[in-house]
Amino acid sequence: MKPPSGPEEAQRPASDICVFASSCTMHGLGHVFGPGGLTLRRGLWAAAVLLSLATFLYQVAERVCYYREFHHETALEERESYRLTFPAVTLCNINPLRRSRLTPNDLHWAGPVLLGLDPAEHAAYLRALGRPPAPPGFMPSPTFDLARLYARAGHALEDMLLDCRYRSWPCGPENFTTIFTRMGQCYTFNSGAEGTELLTTPKGGMGNGLEIMLDVQQDEYLPVWRDMEETPFEVGVRVQIHSQEEPPLIDQLGFGAAPGYQTFVSCQKQQLSFLPPPWGDCSSVPLDPDFELELSGPLGPSSPSPGPSPPYSLMGCRLACETRYVARKCGCRMMHMPGGAPVCSPQQYKDCASPVLDAMLRKDACTCPSPCASTRYAKELSMVRIPSRASARYLAQKHNRSEAYITENVLVLDIFFEALNYETVEQKKAYEVSALLGDIGGQMGLFIGASLLTILEILDFLCEVFRDRVLGYFWNRKRSQRHSSTNLASHHSLCCHQASLCLPPHLLPRHPALDWMSVSSGPHPNIQDVASLHASLLSSSQIKF
């Protein structure tokens with residue numbers, strides 16, 4: 001603050017508004033609260049200061065309201081990398097079970113669920129499979145496990161995989177992980193499960209990714225006995241390319257690869273980053289697929305698992321939500337669902353689990369927000385026919401099959417990165433706290449010519465006003481009360497002193513002068529004698545006290 005300009009201003013207290021206005025760095029206050037009376041110039045300055053202050057406060061309120069709306073913006077950027085992690089590749093044969101592995105016991109338990117068979121149709125269906133009917137006196141097993149059925153009767157990767165290469169290096173079934181989906185038993189390449197090292201690639205283009213040749217085993221496909229909702233009419237494999245952090249949802253997000261074709265899949269990696277509330281609606285809390293049976297609240301990603309759980313992903317949330325819904329309605333979970341609930345029996349599949357899950361998918365009962373960080377792979381597909389006439393005989397001799405079998409059952413899948421560059425899609429806060437403070441500071445300097453130190457000066461002035469006007473009032477009041485009590489005590493002692501002088505005549509102390517007055521000859525004594533008598537009485541009383 002500026003020093004006082006004159007002796008009169010120096011004598012004024014710091015809480016005086018004129019002293020503060022003359023030394024404050026806020027523009028215009030010195031012209032409004034200067035010395036002198038009210039003039040037109042001072043009134044114009046006061047109007048200008050009030051108008052500028054009102055405009056500044058309006059701008060501040062508008063900026064604060066805009067900040068509290070929590071706007072965001074999306075930035076798209078392309079980055080380069082010298083090495084990329086290869087994605088997980090999950091593939092499933094469209095046919096869930098092999099006809100040669102089905103038994104009468106399987107048809108008894110799983111026929112109504114998987115094929116829509118009635119018990120009276122089992123013998124006819126076995127004949128359609130080319131199998132002898134159930135022997136007389138057949139007794140089904142007391143229990144049945146669908147997971148064991150799929151593991152035993154599903155297409156084995158060892159039989160389907162004819163050739164496998166990754167970056168021209170040979171690979172095999174040991175590089176795949178078995179996983180159960182709604183399509184049955186499937187296999188995932190480069191899953192990263194059980195701590196296995198993830199594969200990477202330093203180059204893009206064909207020859208720097210995964211190339212596999214598969215036999216779809218069309219002669220093992222089940223005959224279509226009745227048109228059902230999940231009856232497959234196509235032939236081939238379903239493929240999904242995804243990150244290792246999210247489970248496959250291949251029945252909804254997978255693409256098909258048909259036999260007789262080589263399918264080229266050119267991938268481009270995309271990293272997505274979203275903002276949590278209140279700027280966005282992403283979530284990073286995984287949903288626990290298990291639940292307490294007495295709970296009946298809405299399903300959503302609000303109850304994290306107490307133990308270690310995989311990172312949150314959209315597919316994982318949907319799968320966990322479906323698991324909770326089915327387990328709540330049926331008391332069991334389907335085979336492909338995670339969690340600790342018991343696996344549904346075939347009868348529970350038919351009566352409860354499948355209808356409940358289908359109804360849930362139709363009404364979209366799950367509320368799963370986008371993950372705050374995820375990886376997605378954009379794909380471009382192209383196909384060519386195989387085998388050529390020049391290679392048909394060679395492939396038939398190599399795999400000990402006929403040329404017609406090769407044409408109807410063999411496919412090639414080639415998955416690679418188009419380039420090592422990748423895209424990042426990132427949500428950013430459109431208005432940060434620093435931008436808010438910068439706007440407020442700019443408006444403050446533009447309209448009232450103030451800064452942060454000016455606010456400190458105003459606060460210091462308010463403290464001075466509080467000290468001088470409020471605390472000073474109480475201090476003066478307390479001091480006056482103390483002073484009045486002291487004066488009252490001294491006045492009381494003085495009254496007592498004077499009271500001794502005002503006693504009745506018969507209680508006054510004897511004095512020689514009184515004897516003199518009593519024997520005075522005249523009725524009225526002389527004025528000088530009275531004065532001397534009064535002085536004598538006073539002197540005698542002082543000596544006595």
Is Arg167 atom CZ crowded by more than 12 heavy atoms from other residues, nucleotides or ligands, each under 6.0 Å away? yes
Using modelled atom types only, decide if a donor and an acceptor are shared between the side chain of Gln240 and the backbone of Leu249 within a distance under 3.5 Å. yes
Does any donor atom in the side chain of Tyr82 or Glu80 lie under 3.5 Å from an acceptor atom in the other side chain? no
For the side chain of Gln244 and the backbone of Asn190, is there at least one donor-acceptor N/O pair under 3.5 Å apart? yes
Using a 4.5 Å cut-off on heavy atoms from C-beta on, say whether the side chain of Leu395 contacts that of Val410. no
Determine the interplanar angle of the Tyr431 and Tyr66 rings, folded into 0 to 90°, and report it as parallel if under 30°, tilted if 30 to 60°, perpendicular if over 60°. perpendicular
Any side-chain donor-acceptor pair under 3.5 Å between Glu220 and Ser100? yes
Look at atom NZ of Lys428 and say whether more than 12 heavy atoms of other residues, nucleotides or ligands are closer to it than 6.0 Å. no
Distance-only, no hydrogens or angles: does the Glu246 side chain make a donor-acceptor pair with backbone N or O of Met315 under 3.5 Å? no
Just by modelled atom types, is the Leu319 backbone N or O under 3.5 Å from a matching donor or acceptor in the Thr323 side chain? yes
Validate the cation-pi geometry between Arg328 and Tyr325: distance from NZ or CZ to the six-membered ring centre under 6.0 Å, angle to the ring axis within 45°. no
For Leu413, the option from Leu214, Leu210, Thr263, Val237 that meets side-chain contact (heavy atoms from CB on, under 4.5 Å): Thr263
Do Arg238 side-chain atoms and Gly256 backbone N/O form a donor-acceptor pair below 3.5 Å? no
Taking the side chain as C-beta and beyond, is there a heavy-atom pair between Asn175 and Cys164 under 4.5 Å? no
Nearest heavy-atom pair of Thr90 and Thr188: which atoms, and what distance? OG1-OG1, 2.9 Å
Using a 3.5 Å distance criterion without hydrogens, assess whether the side chain of Glu380 forms a donor-acceptor pair with backbone atoms of Ser266. no
I need the Phe447 CZ to Thr55 OG1 distance, nearest 0.5 Å. 5.5 Å
Donor-acceptor pair, Gln348 side chain versus Ala353 backbone, under 3.5 Å? no
Taking CZ in Arg148 as the centre, count heavy atoms belonging to other residues, nucleotides or ligands within less than 6.0 Å. Is the count above 12? no
Electrostatic pair Arg182-Asp358, nearest N-O below 4.0 angstrom: yes
Pair Cys366, Cys321 - check disulfide (SG to SG under 2.5 Å), show working. CA-CA 6 Å; Cys366 290; Cys321 179; 2.0 Å; yes
About how many Å separate NZ of Lys350 and SG of Cys344, when rounded to the nearest 0.5 Å? 15.0 Å
Side-chain (Asn409) to main-chain (Asp215) donor-acceptor, under 3.5 angstrom: no
Could you walk me through whether Lys429 and His72 satisfy the side chain to side chain contact (heavy atoms under 4.5 Å, CB included) test, starting with their C-alpha distance in whole Å, then the side-chain angles of each, then the deciding distance to 0.1 Å, before giving a yes or no? CA-CA 4 Å; Lys429 300 175 184 178; His72 67 265; 5.9 Å; no
From CA spacing to verdict: side chain to side chain contact (heavy atoms under 4.5 Å, CB included), Val425, Gln270: CA-CA 7 Å; Val425 180; Gln270 295 178 338; 5.6 Å; no
So does Tyr394 have more than 12 non-hydrogen atoms from other groups sitting under 6.0 Å from OH? no
pair Gln262-Val384: side-chain heavy atoms closer than 4.5 Å: yes
Tell me if a side-chain donor or acceptor on Asn105 pairs with a main-chain N or O of Ser141 at a distance below 3.5 Å. yes
So, do Pro387 and Glu403 sit near enough that their side-chain heavy atoms are less than 4.5 Å apart? no
Is Arg152 reaching over with its side chain to a backbone N or O of Arg101, donor-acceptor style, under 3.5 angstrom? yes
Check the pair Phe416, Asn208 against side chain to side chain contact (heavy atoms under 4.5 Å, CB included), reporting the backbone distance first and the verdict last. CA-CA 6 Å; Phe416 54 90; Asn208 293 288; 5.6 Å; no
Looking at Glu197, I'd like to know if its CD atom is crowded, meaning that more than 12 non-hydrogen atoms belonging to other residues, nucleotides or ligands lie closer than 6.0 Å. no
Please say whether more than 12 non-hydrogen atoms of neighbouring residues, nucleotides or ligands are located less than 6.0 Å from OH in Tyr58. no
Got more than 12 heavy atoms from elsewhere within 6.0 Å of OH, Tyr405? yes
Non-hydrogen atoms of Thr375 and Lys269 that approach each other most closely: CG2-CE, 3.8 Å
Are Val239 and Val265 packed together at the side-chain level, in the sense that at least one heavy-atom pair is separated by less than 4.5 angstrom? no
